[in-house]
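Here's the structure we're looking at; comments come further down.
Note that ligands are numbered from 1 as they come in the structure, with each ligand's atoms numbered from 1 the same way. Every value quoted in this text rests on a predicted model; they were computed, and no experiment measured them.
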Amino acid sequence: MVSLQQVDTFHFDAVIVGAGGAGLRAALQLAKSDLRVAVVSKVFPTRSHTVAAQGGINAALGNLTEDNWHWHMYDTVKGSDYLGDQDAIEFMCREATEIVRELEHFGVPFSRTEQGKIYQRPFGGQSRNFGESQATRTCAAADRTGHAILQTLYQQNIQAGTTFFDEFFAVDLVKDEVGHIGGMVVMNLQNGEYQLLRAHAVMVATGGACQLFKTNTNAKINTGDGLAMVLRAGLPLQDMEFWQFHPTGVANKGMLLSEAARGEGGVLRNAEGEAFMVRYAPHVKDLASRDVVSRAIAIEVKEGRGCGPNKDHVLLDLTHLDSEMIKKRLPGIRDIGLTFLGLDMCDDPIPVYPTAHYMMGGIPTNFHGQVQTLDESGQAISVPGLYAVGECACVSVHGANRLGGNSLLDIVVFGRAAAKEIERVLNLQKSDRNFDRRLDLAPVEARLNKWEAPAHDRKESIAAIKHDLQAAMQEGCGVFRNQESMQALIEALEPIQQRLDEAVLHDRSRAFNLERMEALELENLMTLAYATVHSAIERTESRGAHSRVDFTERDDENWLQHSLYFLDGHRLRYKPVCVTPLTVTGFEPKPRVY
Ligand SMILES: Cc1cc2nc3c(=O)[nH]c(=O)nc-3n(C[C@H](O)[C@H](O)[C@H](O)COP(=O)(O)OP(=O)(O)OC[C@H]3O[C@@H](n4cnc5c(N)ncnc54)[C@H](O)[C@@H]3O)c2cc1C
């Protein structure tokens, strides 16, 4: 049986779980200010999902066309379908230009214009002069921007002296005797041993969770561990009904073909060869926001205009573009076509279909990265010592729908901001920082011990249960939802939960036991499935990525508010959207016109 009473314990000022762009940007800030900071990652840091980001990072640098942060802010508020918090959005858009230059100075090898400036490309939902014409705002290192950023931040952290726990799996947050988060339990994947990391500040930066769906663009490690830990600690998750389906995943496989493909001039076509986006968004066509393009593709297929023998996809056509430009600007996604389909996008259109890509919801925070919950009277309050940044956090700058290029921006802006806040708070508490309080380890022990049970005859694999969960989620809570599909999903989750409760490990070894890790990950995904469907079924409107066939209109009167889901009893509470920016006039919700 697992006992955590005697395990090795390490003490830090701050512990960050997650070594993607968000965790690494935060760690760098803390290491440079001489705080003892540790970063825990279940994979080697440079394998975090940030490495896969292709298209780029938004900032109103105005290197190719005139731009400014007010326009960026307007687009982000509108793109969020007005669910984004306008204080946080203003903060992010104002910081953008400076933080991209900072990345450049850290060593990110951005592509260049003829004049040697950072190259920028147009992306969906970007406009000049408050919706007048297309902007060119996404700063890119070819189509490997995330790779460039992640490698650079990792090198900077090594130089700054950050402590890394590579290939350590964080199991759960632990509370101390007064109920504050006092650290976390981690498992060393190399030998299966548990350790305790104690810290004055704990930051969750565990990235997204699109492994919840059958077809997705995410890495296998994106299982929402940090999000489920927060729920188990009695805290809420916000806006979990909003999952972004990216319009152009490789059909039936899911890998991403970046929006950069359409930014550089690619066009979507149906079986009749028609560039159909003009019917759905006459002005911006293929560069409409992602929710709009995903729905358009799903409708084309549903109405029988899909391509291929099964009429189950549309085509992304770049064949009219200069092949030298494709090789220079889009080498990574051309490779994906060649590797997974044997098709060269210079000569052949590529089969695509929407694929789960990004979670807009997550751990509620303010724009200082402090985790928020509600008090008895419904007021938002900060949770002492707990921070969240990156895709797992919901600041909320993306509201109901994220614009391409805004996530890489979100992770570095709020990674840095949260670290500065930790620095400020820890300096204030200098005299009474200690580790005297006892930790309550019993809940984590119970969870781990469940997986120590001996194997019995019923030998269902963790992978089979995960497969059925993903299929059920895609069916019940995919691009389109309605009361019926979601009610059926709630019923379908019960037997899956039961199978998970009864499952046992076949592999009882300690060294690199991935089955054990995957079992813990699946528990986390299961928790998020409930959070998603309960949040979604309650929201009786269509907004951004939450598209209901039974409630097709946005309903600002009743639903201009964030959902907060609590694990106990699948409880939902609500809090208002912040429509008061820091300095400029707020943007009132307007009807959607494309
Ligand atoms: C294919 C793809 C392309 C994208 N392209 C773009 C783009 O062009 N522009 C853009 O703005 N956005 C893009 N995005 C979105 C963006 O890349 C992500 O939202 C962002 O990189 C997430 O960063 P993060 O730091 O929050 O998390 P991640 O980079 O996902 O890192 C999560 C970290 O948490 C660690 N972790 C998780 N659970 C545990 C645990 N239990 N124990 C220990 N460690 C744990 C992991 O090891 C990892 O280090 C893309 C996303 C995908 C999937």
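The option with the heavy atom closest to atom 50 (C) of ligand 1, from among His357, Gln54, Met184, is His357. With atom 13 (C) of ligand 1 as the reference point, the heavy atom nearest to it among Ala53, Ala356, Ala260 is part of Ala53. Around atom 7 (C) of ligand 1, the closest heavy atom drawn from Gly56, Gly254, Pro45 belongs to Gly56.
Between the side chains of Asn58 and Thr138, at least one donor N or O lies within less than 3.5 Å of an accepting N or O. Judged purely by distance below 3.5 Å, without hydrogens or angles, the side chains of Asp291 and Gln244 never pair a donor atom with an acceptor atom. Side-chain atoms of Gln474 and Thr215 include a donor-acceptor pair closer than 3.5 Å. Side-chain atoms of His546 and Asp239 include no donor-acceptor pair closer than 3.5 Å. Counted by atom type alone, Asn406 and Thr76 present one or more donor-acceptor pairs between their side chains at under 3.5 Å. Residues Asn63 and Arg112 have side chains that never bring a donor and an acceptor to within less than 3.5 angstrom of each other. Remark: the Arg137 side chain and the Gln126 side chain contain no N/O donor-acceptor pair separated by less than 3.5 Å. Side-chain polar atoms of Lys466 and Thr223 form no donor-acceptor pair below 3.5 angstrom.
At a 3.5 angstrom cut-off on N or O pairs, Lys42 counts as close to ligand 1. The shortest N or O to N or O distance between Val389 and ligand 1 is not under 3.5 Å. The shortest N or O to N or O distance between Cys392 and ligand 1 is not below 3.5 Å. Distances between N or O atoms of Asn218 and those of ligand 1 include no value under 3.5 Å. Polar contact check, Leu408 against ligand 1: a nitrogen or oxygen pair lies under 3.5 Å apart. The shortest N or O to N or O distance between Val17 and ligand 1 is not below 3.5 Å. Of the polar atoms of Leu409, none of the N or O atoms is found under 3.5 Å from an N or O of ligand 1, judged by distance alone. At a 3.5 angstrom cut-off on N or O pairs, Thr50 counts as close to ligand 1. In terms of polar-atom proximity, Gly404 is not counted as a contact of ligand 1, lacking any N or O under 3.5 Å from an N or O of the ligand.
Atoms of ligand 1 lying under 4.0 Å from any heavy atom of Phe168, numbered from 1 in the order shown and given with element: 42 (N), 43 (C). Ligand-side atoms of ligand 1 in range of Gly405: 9 (N), 10 (C), 11 (O), range being under 4.0 angstrom from any heavy atom.
Ligand 1 lies nowhere less than 4.0 angstrom from a heavy atom belonging to Thr145.
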- Task: Please lay out, stage by stage, how Phe242 and His398 fare under the test ring-ring contact (aromatic ring centres under 6.0 Å, His included).
- Result: CA-CA 10 Å; Phe242 298 102; His398 311 300; over 10 Å; no
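Residue-level proximity to ligand 1 for Val43 is carried by backbone and side chain together, each with a heavy atom below 4.0 angstrom. Counting heavy atoms closer than 4.0 Å to ligand 1, residue Thr206 contributes atoms from both its backbone and its side chain. At a heavy-atom distance under 4.0 Å, only side-chain atoms of Asp225, from C-beta outward, approach ligand 1. Neither the backbone nor the side chain of Gln244 has a heavy atom within less than 4.0 Å of ligand 1.
Nearest protein neighbour of atom 25 (O) of ligand 1, counting heavy atoms only, is Ala22 N, 3.0 Å. From the protein, the heavy atom lying nearest to atom 46 (C) of ligand 1 is Ser41 OG, 3.8 Å. Considering only non-hydrogen protein atoms, atom 52 (C) of ligand 1 sits nearest to His49 NE2, 2.6 Å.
The aromatic rings of Phe12 and Phe165 stand perpendicular to each other, their planes meeting at an angle above 60°, with 30° marking the opposite boundary.
Leu235 CG to Met229 CE: the interatomic distance, rounded to the nearest 0.5 Å, is 13.0 Å. For the atom pair Asn188 CG and Glu167 CD, the distance stands at 9.0 Å (nearest 0.5 Å).
The side-chain heavy atoms of Thr163 and Phe10, taken from C-beta on, include no pair separated by under 4.5 Å.
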